[in-house]
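Below, chains carry the letters A, B, ... as their sequence lines are ordered, and counting in each starts from 1.
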Amino acid sequence: MARIGVFICHCGENIGRTVDCPAVSAAAVRMPGVVHSVDYKYMCSDPGQQMIKKAIVEMKLTGVVVAACSPRMHERTFRAAAAEAGLNPFLLEMANLREHCSWVHADKAAATQKAIDLVRVMVAKARRDRALRPIRVPVEPTALVVGGGIAGIQAALDIAAGGKKVVLVERGPSIGGHMARLSETFPTLDCSQCILTPRMVEAASHPNITLMTYSEVESVEGFVGNFTVTVRHKARYVDPAKCTGCGDCFNKCPLKNIPNEFDAGLGMRRAIYVPFPQAVPNKPVIDAAHCTMLQKGKCGLCAKICPRGAIDYKDQDSLVKVKVGAVVLATGFQLWDHAAYGEYGGGRLADVIDGFAFERLASASGPTGGLIKRPSDGKEPKTIVFLQCCGSRDDKAGKKYCSKICCMYTAKHAMLYRHKVHDGRAVVFYMDVRAAGKGYEEFVRRALSDDGAEYVRGRVSRITRKQDGTLVVRGADTLAGRPVTIEADLVVLADAVVPRPGSEKLAQIFGVGYDQDGFYSEAHPKLRPVETAAAGVFLAGACQAPKDIPESVAQASASAAKVLGLFANPELEREPIIARVNRATCAHCRACISACPYGAAKDFDVLDRAGKVLRTVVDVNEGLCQGCGTCAAVCRSHSVDLDGFTGEQIHAELNALL
Amino acid sequence: MTMSEKRESPLAKAVRETSGVVLAECYQCGKCTAGCPMARYMDLTPNQIMRLAQAGDDAALERLLSCEALWYCVGCLTCAQRCPRQLDPAAVMDVLREMAHRRRKIPAAARKILAFHKAFLATVEWGGRMAEIPLVLRYKMNSGDFLSDVFLGPVMLAKRKLPLLPHRIRGRAEIRRIFATCRKGTRP
Amino acid sequence: MKTLGYYPGCSLSGGGIELDLSVRAIAKVAGVELREIEDWNCCGASAAHSLDHSLAVALPFRVLALAESQGLSEVLAPCAACFSRLKGTQVRLTRSPELGQRMQELVERPYNGTVRILNINEFVASLLAEGLAGKFTRKLGLKVVAYYGCLLSRGEDIVTSDDAEDPQGMAAAIRVAGCEVLPWNSSNECCGGGFSMSKTGSVLDLSQAILDEARAVGADLVVTGCPMCHSNLDMRQLELLKRRRVPGALPILYLSELLGLAAGLEPGALGLGRHFIESRQLVRGGA
């Protein structure tokens, strides 16, 4: 015989103002199965919880209904209290009198009646609750980190430092990401390479880290703690085991004029190449699209030259499977293509460049050796115009959002240029200067006051090129209230930060949500900023939203902490709200197998003692099942039920309302 | 109706209903001013006009209706083409100019422009089509600008660019009725 | 023979008569009949637009309604300003059925929105598609800058056949006429529009900048499709020459005139003799 206790919470005035809680309590005690009912101002407080615990013990309750706020808010709290009093926590239910009643109604009498109905429904359900045990699944204590930029490197190093294994997968031939391309970093003007390259080397040599460069994630199976990830190693045509990185091959390759992506196309590379001298691993790959040997079967010079016989033109992509318990996505960003701005030359003007191109011009290891030279004719620009918010905050041609990093790197660019070209003029068109970081505002002030950057508040309407190559920038000074025309030798556009191509496909592979712009969605914007909706998959860096280096590193360390927390126990505990198949009645029509979005419903052979297959039914993998109930809905023989939400319970709830 | 529309000034309401532009959406980037071919001649730049219209108070309206800039919009569509907020500052200026005209607030520097527009429309109202000789004569009478371009008329006649007798369409009564109805202030 | 509705607009019977002559001439060469809308009225131009937003829609509305009632489903409006007004009205009517209802009441004519308005560039492109180039007999060999101005490049949903920031709608026709199209920046810059008489100074400034760039890139002439632009660049060039603000005369032709020349027509028949800046020397033996 059920012995249900009902506990009505006033939630201060949140519920009590609109719902007559004592009346609800009085009505509840008359409901079938209810042996105890009480109302209290703050049921979630310590005295409130004590009331529940005491009643469970003293009244020998077999079930509890807490009528309070949303179960999202406090179900965990009350179930923990029930467990402490010796009651199976899944025998406690919540009726939501706040979000579902008091907050959305004004009429007290009607709201009170509705509250009574809501309590009656949950009492009907609680009478049919069964004790459930949490599910335990083993954890593979190895992490996969996707993306070898600063965020991925930091996450990998932190996880490795915690004593767990890491597989670091990078799409390009080297780790290092965009940070390896930067000249100096704001707000301290640290040399980017100087602070990054030691980390790259550490990641490559750490015994706990397995580096997979020139590789991409192909597919994923499994669930938190137990993922099987298939990684595609793209054909390098160079055997890294044999290659010593001597460089003979890429010094001799006859194809010299392939624009180097690492240098934003300003420098050239060969068909066999390492993207930059400090690359990790420092071993070349052959770019099959350009190599004459691979395209036409002619040349073969690199194979002839290589003293170690490391060149293999017959190399093929290979697939490897890795087992991991957690995943960190750190796929980063790229810059939006300003070709969409016809008024800024539509990408056709050589001396209208993006921020990365300027970084390469300013970098000591860049194609100009750190001298500022404009792409068209190599001339040192005497006037540079910088345009902020190019493609950002533009609903029409670009993106609605603020790209966050541009204000700071533009100030840095103006500063670096003025340090290098003393008689040069740096003009920055801006809409707002957003410098909300430690030392950031001071940095921007320095660019203005100490380094003579000229800031003009307004957008630019058009950039044209005169016959002599001068760029004419027509902007506005909205503070002075006048149009402004500036003749410049070089224009740097602070193009919007956008996710990497292919990031949406990767999100789908991992079951991670993404927003309309393709940035990955965190589980909660405030309280769960590195988790995703997919259990065991975490986020680091600019794949989630535009971020600078300090923020990316902080988020990477946060995701590493989450991974290490997950790996701290050999097993995972999950809520046991999963589907169960009645094997006696299952007709094996397989409708549930095709309906299950998580691949949790699988064929299962029922064997006799001799191991002979008696018949085949469907079984549910407890690790994969997310308790969505789709299988229960499609099952024609009513052989599937959802623990905690059985068909019988749902019917009882409905009947209590009718 | 969005919140911004609920809290809008009478001016913002009039602008929205006539031009479709929600003034609160302007974030004052100045791209309209940057691209405007006439901005250098204006006493208020296009973005300043948008800003004052956003303010919408009596003093702002007074400045707006008496400024020259409203009359200098050449209708090139550049501001609307490039506005990152997809607004149409020229359409806002159209609304304000019409208000200024109805309230007879015409700055001295804009009188020639108004005289030209009025002369143009007078010929259309009279015959259904614009006619250049009556237009120029009427413009010169209204503006007092007798001396400019006096040499062009004879040249144009000599080049047979101007018809001596203006064409009057059959439906001119219809045209006059349309003018009369519009003058009463029907809002499209 | 293909028939096309024709809306010359007021300019084309006055200052812009060369555009009318040359458009009719090349249509004849291409075998296209232009049927003028009977009893058409002025589109209102920038005057109506500046002073009365109802009138600015009502006047083009009457033109559209007339065209529809006369069975003209496609109408050529060679004047860029007329095109912009007529098509702009069409676009607004499509967006707001309510506006259409009010206009029907105001103008007292029905209109179901069936008329398609073509600008001169779209018209020329359709002639080329029907083989106009086959009728070209004269190799012109000129260096040309194509000048679209505002109303043949801009207007959301109005100039749908071209790129507002890099218009190309005239380029193919100019090349087919045996000319070289020079790249330049002023193709979509404003010439000062309707302020020729009422704010002449701004027209001189803006038109000078356009002429300066045309000369700087080495153009033999400027080709345009707009009578207002033509008047500012051609007639107002006299003033610029007089004040020595430009170093020499630069001919300004309508696109249709250039194509008429390529088709072997006499410069005089196309209206070249009526420009302020002499242009007949562009064809050998033409002057």
**OP:** With a 4.5 angstrom heavy-atom cut-off, could you sort out which part of C:Arg236 is near chain B: side chain, backbone, both or neither?
**Re:** side chain
Subject >> Most contacts with chain B, counted as non-hydrogen pairs under 4.5 angstrom, among C:Cys10, C:Ser50, C:Ala81, C:Gly193 >> reply: C:Ser50
Original post:
Between B:Arg97 and C:His49, what is the shortest heavy-atom contact and its length?
Top reply: NH1-O, 4.0 Å
Subject >> Pairs of heavy atoms under 4.5 Å with chain B: top-ranked of C:Gly14, C:Cys191, C:Ala56, C:Gly194 >> reply: C:Gly14
Original post:
Most heavy-atom pairs under 4.5 angstrom with chain C, which of B:Val124, B:Leu121, B:Leu162?
Top reply: B:Leu121
Original post:
In terms of heavy-atom contacts, does CZ of B:Arg168 have more than 12 from other residues, nucleotides or ligands at under 6.0 Å?
Top reply: yes
**OP:** Just give me the residue among C:Cys190, C:Gly16, C:Ala58 that pairs up with chain B most often, heavy atom to heavy atom, under 4.5 Å.
**Re:** C:Cys190
**OP:** Under the side-chain contact (heavy atoms from CB on, under 4.5 Å) rule, what do B:Ile175 and C:Arg62 come out as? Steps first, then yes or no, please.
**Re:** CA-CA 9 Å; B:Ile175 297 292; C:Arg62 180 176 182 271; 3.8 Å; yes
Subject >> Residue C:Arg245 excluded, over 12 heavy atoms near CZ under 6.0 Å >> reply: yes
Original post:
Under a 4.5 Å heavy-atom cut-off, does chain C meet the side chain of B:Ile178, its backbone, both or neither?
Top reply: both
Subject >> Close approach to chain C in residues 74-90 of chain B, criterion heavy atom under 4.5 Å >> reply: B:Val74, B:Gly75, B:Cys76, B:Leu77, B:Thr78, B:Gln81, B:Arg82
**OP:** Find the one option among B:Arg177, B:His101, B:His167, B:Met156 whose heavy-atom pairs under 4.5 Å with chain C are most numerous.
**Re:** B:Arg177
**OP:** Indicate yes or no for a side-chain donor-acceptor contact from C:Arg274 to the backbone of B:Lys161 under 3.5 Å, with no hydrogens or angles considered.
**Re:** no
Original post:
C:Phe195 and B:Trp71: which non-hydrogen atoms are nearest, and at how many Å?
Top reply: CZ-O, 3.4 Å
Original post:
Contact part of C:Ile17 toward chain B, heavy-atom cut-off under 4.5 Å: side chain, backbone, both or neither?
Top reply: side chain
Original post:
Is there a donor-acceptor pair closer than 3.5 Å between any side-chain N or O of B:Arg40 and the backbone N or O of C:Ser202?
Top reply: no
**OP:** Could you check if a side-chain atom of B:Ile169 sits within less than 4.5 angstrom of a side-chain atom of C:Trp40, using non-hydrogen atoms only?
**Re:** no
Original post:
Would you find more than 12 non-hydrogen atoms of other residues, nucleotides or ligands less than 6.0 Å from B:Asp57 atom CG?
Top reply: yes
**OP:** Show the numbers, then the answer: is there a side-chain contact (heavy atoms from CB on, under 4.5 Å) between B:Glu174 and C:Glu108?
**Re:** CA-CA 9 Å; B:Glu174 196 180 332; C:Glu108 295 180 15; over 6 Å; no
Original post:
So which part of C:Leu151 gets closer than 4.5 Å to some heavy atom of chain B, the side chain, the backbone, both or neither?
Top reply: side chain
**OP:** Report yes or no: does B:Tyr139 contribute a side-chain atom to a donor-acceptor pair with the main-chain N or O of C:Met197 at less than 3.5 Å?
**Re:** yes
**OP:** Identify the heavy atoms of C:Leu51 and B:Lys118 that sit nearest to each other, and give their distance.
**Re:** CD1-CG, 4.1 Å
**OP:** Pick whichever of B:Lys112, B:Glu132, B:Arg129, B:Lys159 has the most heavy-atom pairs under 4.5 Å with chain C.
**Re:** B:Arg129
Original post:
Under a 4.5 Å heavy-atom cut-off, does chain B meet the side chain of C:Glu165, its backbone, both or neither?
Top reply: side chain
Original post:
Below 4.5 Å, heavy atoms only, C-beta onward: do B:Leu152 and C:Leu238 meet side chain to side chain?
Top reply: yes
**OP:** Determine the minimum heavy-atom distance between C:Ser198 and B:Phe116, stating which atoms define it.
**Re:** CB-CB, 3.9 Å
**OP:** Taking the side chain as every heavy atom from C-beta outward, state whether B:Ile113 and C:Lys199 have any atom pair closer than 4.5 Å.
**Re:** yes
**OP:** Pick whichever of C:Leu66, C:Leu59, C:Val107, C:Asn188 has the most heavy-atom pairs under 4.5 Å with chain B.
**Re:** C:Val107
**OP:** Let me know if B:Met38 has heavy atoms under 4.5 Å from chain C in its side chain, its backbone, both or neither.
**Re:** side chain
Original post:
Picking from C:Ala209, C:Ala47, C:Ser84, C:Ser96, which has the most non-hydrogen pairs under 4.5 angstrom with chain B?
Top reply: C:Ala47
**OP:** Identify which of C:Gln101, C:Met235, C:Glu156 forms the greatest number of heavy-atom pairs closer than 4.5 Å to chain B.
**Re:** C:Met235
